[in-house]
Amino acid sequence: MTSDPNRPEARAPRGFIDRRARDVVAERAILAAVSGVYERWGFEPLETGAFEYADALGKFLPDADRPNEGVFALQDDDEQWMALRYDLTAPLARFAAQNWETLPKPFRRYAFGPVWRNEKPGPGRFREFVQCDADTVGSARPEADAEIIAMAVEGLEAAGLPAGSALIKINNRKLLNGLMSAAGVADEGQKLAVLRAVDKLDRLGPDGVRLLLGEGRKDESGDFTKGAGLNAAAAERVLAFTAAGAGDRASTLAKLADVVGGSAEGDEGLAELAAIDAALTGLGVAADRATFDPSVVRGLEYYTGAVFEAELLLSTLDEKGQPMRFGSIGGGGRYDDLVARFTGERTPATGFSFGVSRLASALKAAGRDLAKAARGPVVVIAFDQTRMADYFAVAREIRAAGIPAEVYLGSSGMKAQMKYADRRLSPAAVIVGEDELAAGTVTVKDLDLGRVLASKVADNAEWREQRPGQQTIPRGELTAALRRILDAG
RNA sequence: GCCGCCCUAGCUCAGUUGGUUAGAGCGCCAGAUUGUGGCUCUGGAGGUCUCCCGUUCGAUCCGGGAGGGCGGUACCA
């Protein structure tokens with residue numbers, strides 16, 4: 001493929017993608033809308049650097065054998081390991097710890113930007129992607145969780161998700177912890193295995209999860225996943241717990257109380273959920289927007305209390321036209337121990353984050369494609385290399401009227417220039433040839449109109465003769481004519 | 001990480017039971033149309049058939065290895 005072996009192959013690294021105007025514009029629109037909502041709720045923007053010292057990132061601390069496990073890490077010239085951030089929460093914890101003395105507390109901030117994960121990319125999964133994240137640090141009140149949830153609902157709808165098409169499902173880690181303590185599960189590893197098993201409920205169903213809670217499960221490829229090793233009775237209790245969600249928040253709470261009530265930690269979790277329910281009600285968030293669902297886990301070790309997940313409810317079609325579940329578009333929860341890693345003092349915190357391009361695909365699936373096709377500028381045809389200054393003067397005039405414009409800067413003939421303008425989806429081409437310069441006129445060609453008429457004309461001679469959408473007008477009327485074309489489109 | 005499938009033009013893919021000039025469609029460039037985007041027609045550019053080693057008189061094709069891609073599974077802050 002490459003004739004010269006020394007020549008580099010033009011390709012992006014695996015898991016990294018180039019995004020063109022269409023996607024960039026759509027994602028910017030999402031970020032602008034969500035930022036507006038978050039600021040209205042009193043969250044301030046914060047930007048931190050792409051790199052953090054590896055020890056600040058926590059458990060993915062690279063060692064000499066596997067310096068890049070999970071993250072992109074490198075050694076600074078002072079030998080310290082640093083790594084690209086893999087989310088926006090860890091840098092926030094570091095920032096909050098570093099500036100705790102001077103920060104207004106509780107500290108409310110939102111942030112967005114690229115994060116990097118050094119792992120196997122998959123469909124819709126990349127090694128670099130943009131996250132948007134809002135957190136409150138320094139408030140242990142369940143109302144802080146409720147506020148984050150209500151704000152997420154508003155943010156997702158402001159970004160363009162049709163009202164009610166996303167549901168925030170809320171759970172509390174303390175419930176499952178209480179349940180497991182009651183069942184005699186004390187080992188941390190075993191608890192994690194239980195969480196992982198429950199997390200797979202929507203994909204594997206109760207039977208698959210039952211296997212994972214017990215001895216383990218062999219999948220279709222023959223790979224065996226070791227189970228949590230619970231006895232049958234304990235496994236059934238866990239399954240009964242996960243099935244307790246349904247209906248409005250109050251009745252779910254009542255059912256959950258039956259299953260986990262009694263243990264100290266379970267009761268604490270129940271009380272927190274009750275407070276969240278009350279706050280959400282006050283914030284006007286009904287059960288069709290946020291509900292309790294005991295099967296939500298969010299796999300993360302660091303969550304200590306409430307956890308939540310935003311799920312897209314719309315049934316969407318994949319490329320083959322098959323209905324598919326879009327699933328989770330974001331999530332979050334309470335992590336009271338993250339800042340303590342730096343300060344030694346337990347600092348309550350809660351937050352929500354979502355992947356921006358994932359939300360963009362969700363919007364597309366919901367039929368709210370903000371992107372449309374990115375329109376090109378008005379193209380001023382470059383006729384004669386010696387008259388470039390005249391063309392630039394025309395382009396300048398168009399820009400001054402607030403209309404994007406450019407002079408064609410290639411070296412091809414007029415035909416290719418028209419083709420260029422067509423491909424850029426330009427609304428119009430402006431022709432200022434010798435005739436026009438002599439007469440003090442300009443020729444404006446409405447390319448949109450031509451695009452419509454093209455389908456009705458079969459014969460090329462006729463097509464050329466018609467010059468669809470083309471008019472020659474006095475130079476002084478140029479911008480007004482362009483404005484009419486733009487307004488019509 | 002583990003399992004499976006795949007790798008021929010920019011893209012999607014034919015093809016050669018191992019034999020001399022490897023094809024198509026789309027895309028790209030140009031001409032028909034000397035100042036005009038679409039359609040049509042004509043012409044053109046573009047390939048060490050992923051790489052290395054082996055078998056063979058001869059390998060894009062067979063065997064081994066490596067790399068890359070895809071799918072599943074595990075992990076997922």
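The figures that follow rest on heavy atoms only: side chains count, while hydrogens, waters and symmetry mates do not. Letters A, B, ... are given to chains in the order of the sequence lines, protein chains preceding strands, and every chain is numbered from 1.
Considering only side-chain N and O atoms, A:Arg117 lies nowhere under 4.0 angstrom from the phosphate OP1 or OP2 of B:rC75. OP1 or OP2 of B:rU73 lies within a sub-4.0 Å distance of a side-chain N or O belonging to A:Arg203. Applying the 4.0 Å criterion to OP1 and OP2 of B:rC75, one finds that A:Lys200 has a side-chain N or O inside that range. At the phosphate of B:rC28, OP1 or OP2 sits under 4.0 Å from a side-chain N or O atom of A:Arg423. Neither OP1 nor OP2 of B:rG37 sits under 4.0 Å from any side-chain N or O of A:Lys445. In this structure, A:Trp463 does not reach the B:rU36 phosphate: none of its side-chain N or O atoms is under 4.0 Å from OP1 or OP2.
If you check distances only, the side chain of A:Glu436 does reach the base of B:rG35 with a donor-acceptor pair under 3.5 Å.
B:rG44 sits 41 Å from B:rG54 when the C1' atoms are compared, rounded to a whole Å. For the P atoms, the distance from B:rC51 to B:rU8 is 11 Å, rounded to whole Å. For the C1' atom pair drawn from B:rG19 and B:rG58, the interatomic distance equals 7 Å after rounding to whole Å. For the C1' atoms, the distance from B:rG23 to B:rC61 is 16 Å, rounded to whole Å.
Across all strands shown, B:rG67 forms a Watson-Crick or G-U wobble pair with B:rC7, both key distances being under 3.5 Å. Base pairing analysis places B:rC28 opposite B:rG44; the two distances defining the Watson-Crick or G-U wobble pair are each below 3.5 Å. Across the strands present, B:rU56 finds no partner; the criterion is a Watson-Crick or G-U wobble pair with both atom distances under 3.5 angstrom. Under the Watson-Crick and G-U wobble criteria, each requiring two contacts below 3.5 Å, nucleotide B:rC2 is paired to B:rG72. Under the Watson-Crick and G-U wobble criteria, each requiring two contacts below 3.5 Å, nucleotide B:rG18 is left unpaired.
If you check B:rG37, B:rC76, B:rG68 against the side chain of A:Arg14, the one that comes closest is B:rG68. Ranking B:rG35, B:rC29, B:rA74 by closeness to the A:Lys419 side chain, first place goes to B:rC29. Side-chain proximity of A:Asp422 to the nucleotides B:rG71, B:rG35, B:rG37 is greatest for B:rG37. Checked against B:rG35, B:rC76, B:rU36, the side chain of A:Met418 finds its nearest nucleotide in B:rU36.
The 12-atom threshold is exceeded at CZ of A:Arg346, counting heavy atoms of other residues, nucleotides or ligands nearer than 6.0 Å.
Salt-bridge annotation for A:Arg108 and A:Glu44: absent, with no side-chain N of the basic residue lying under 4.0 Å from a carboxylate O of the acidic one.
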